[in-house]
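Heads up, the thing below is written out as structure tokens.
Lettering follows sequence order; numbering is per chain, from 1.
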2 protein chains.
Amino acid sequence: MNSAGYLVNNLARLLVEVLRKRIAPLGIVPGQFPTLLALWEKDGLTQKELLVLVDIEQATLANTLTRMERDGLITRKEHPADARARTIHLTNQGRSIRDEAYKAAAQINEEVLADLSDAETEAFLSYMRRVIGRIKEVEATS
Amino acid sequence: MNSAGYLVNNLARLLVEVLRKRIAPLGIVPGQFPTLLALWEKDGLTQKELLVLVDIEQATLANTLTRMERDGLITRKEHPADARARTIHLTNQGRSIRDEAYKAAAQINEEVLADLSDAETEAFLSYMRRVIGRIKEVEATS
DNA sequence: TAATATTACATAGTTTGCTATGCAATGCTA
DNA sequence: TAGCATTGCATAGCAAACTATGTAATATTA
């Protein structure tokens with residue numbers, strides 16, 4: 001069990017669970033993180049606009065938004081110009097956890113990479129970007 | 001969106017989807033892969049014995065085994081000595097796809113790592129192992 | 001402008017991960 | 001050996017990913 005695929009999968013699961021534990025006190029879960037990051041940058045986006053930022057499928061985002069609304073993190077308002085679309089807005093609660101969430105994410109990042117030097121960390125990230133690029137290339141042409 | 005966590009997650013999802021497409025013709029899905037690998041090595045294990053090999057939670061394995069039974073990959077027989085336990089056995093179908101599955105996995109591994117040199121691949125794997133080790137350490141002591 | 005295509009979002013259904021908990025069988029110990 | 005603890009597995013319920021498909025609303029085109 002030492003293939004790249006196995007290790008990546010294992011690592012991803014571990015990281016998600018670490019994040020889950022750290023952000024649980026804030027009332028959010030890992031799947032909401034990318035959406036929150038985008039909305040903290042710019043509020044009032046449509047689902048379509050969010051979608052290009054978060055890199056998940058549209059249906060996944062729609063479900064995540066529904067859970068976020070349920071959890072009191074966002075509200076959805078009708079779009080002023082397009083009745084099909086809705087704009088997505090952070091609630092006070094959603095806004096208020098921003099700094100704590102950033103801090104948690106940065107701390108985890110630092111902790112889990114603590115055994116790698118700066119150069120090694122850079123190499124690690126670059127390998128991942130290259131493999132991701134490679135997969136997207138292969139998938140696009142097949 | 002360039003943090004280690006984001007990249008690892010992204011990469012893991014991409015790899016799972018590649019694997020899903022490649023093994024679909026064999027009638028299996030990615031979550032069944034670790035279990036199949038273990039059973040191809042040694043048939044007739046109990047769930048408990050499988051568990052130490054696959055590195056997922058017991059409940060996840062139990063559900064995966066149920067789906068594998070449904071899909072005709074395994075059967076479960078009563079344990080000769082312990083009525084709580086059951087031994088898990090590959091069906092002919094489960095056994096027959098072994099070589100194709102190994103080939104698919106090896107091919108994906110080779111393809112997605114094609115842009116990395118042997119040394120880079122080694123470094124990449126070693127970084128992942130170190131980070132995994134680090135997380136397990138941190139989690140154990142917290 | 002009426003018909004058609006496209007777009008924005010939602011919903012249904014599956015997989016695969018998790019935690020929490022239940023239940024029966026087995027093991028231990030007072 | 002009776003009672004309690006532990007073990008092996010199953011189940012329930014949730015999250016988050018996917019594909020496929022449905023439904024309006026909007027845009028395009030014949």
Would you classify [X] as touching base, sugar-phosphate or nothing, given that sugar-phosphate means primed atoms plus P, OP1 and OP2, and contacts are heavy atoms under 4.0 Å?
X: B:Arg67; result: base
X: A:Thr46; result: sugar-phosphate
X: A:Asp82; result: sugar-phosphate

Integer-rounded Å distance: [N] [atom2] and [X] [atom1]:
X: B:Glu17; N: C:dT16; atom1: CD; atom2: C1'; result: 11 Å
X: A:Arg13; N: C:dT19; atom1: CZ; atom2: C1'; result: 14 Å
X: A:Lys77; N: C:dC9; atom1: NZ; atom2: C1'; result: 19 Å
X: B:Asp55; N: C:dC18; atom1: CG; atom2: C1'; result: 14 Å
X: A:Glu49; N: C:dT7; atom1: CD; atom2: C1'; result: 14 Å
X: A:Asn63; N: C:dA8; atom1: CG; atom2: C1'; result: 15 Å
X: B:Asp71; N: C:dT14; atom1: CG; atom2: P; result: 12 Å
X: A:Lys48; N: C:dA8; atom1: NZ; atom2: P; result: 4 Å

| query | Should the ring pair B:Phe124 and A:Phe124 be called parallel, tilted or perpendicular, given that the plane angle runs from 0 to 90° and is split at 30 and 60? | reply | tilted
| request: Give the ring-plane orientation class for A:Trp40 versus A:Phe33, where under 30° counts as parallel, over 60° as perpendicular and anything between as tilted. | output: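 Judged by the thresholds at 30° and 60°, the geometry between A:Trp40 and A:Phe33 is perpendicular.
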| said: Quiz question: going by heavy-atom distance under 3.5 Å, is there a donor-acceptor pair between the base of C:dA8 and the side chain of A:Gln58? | reply: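 A donor-acceptor contact between them is absent.
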| Start at the 5' end of DNA chain D and walk down; is the nucleotide closest to B:Thr60 or to A:Arg20 reached first? |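 Final value for this comparison: B:Thr60.
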| task | Tell me which nucleotide among C:dC18, C:dA8, C:dA10 gets nearest to the side chain of A:Ala85. | result | C:dA8
| note | Ranking C:dA25, C:dA10, C:dT16 by distance to the side chain of A:Ala62, first place goes to C:dA10
| query | Can A:Glu41 and A:Arg98 be counted as an ion pair, charged N to O under 4.0 angstrom? | reply | no
| request: Using the test side chain to side chain donor-acceptor pair (under 3.5 Å), find all partners of B:Ser126 that sit at least two apart in sequence or belong to another chain. | output: none
| task | Tell me, please, which residues at least two apart from B:Asn10 pass side chain to side chain donor-acceptor pair (under 3.5 Å). | result | A:Asp55
| task | Could you check A:Arg84 against B:Gly31 and say which one's nearest nucleotide on DNA chain C is further toward the 5' end? | result | A:Arg84
| Between which nucleotides of DNA chain D, 5' to 3', does chain A make heavy-atom contacts below 4.0 Å? |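 Terminal contacting nucleotides, 5' to 3': D:dA15 to D:dT26.
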| task | Quickly, which of B:Leu61, B:Thr64, B:Ile56 forms a side chain to side chain contact (heavy atoms under 4.5 Å, CB included) with B:Leu50? Name it, please. | result |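 Going through B:Leu61, B:Thr64, B:Ile56 one by one, the side chain to side chain contact (heavy atoms under 4.5 Å, CB included) with B:Leu50 is satisfied by B:Leu61 alone.
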| request: Indicate whether the side chain of A:His89 and that of A:Thr87 have a donor and an acceptor atom separated by less than 3.5 Å. | output: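 Short answer, yes.
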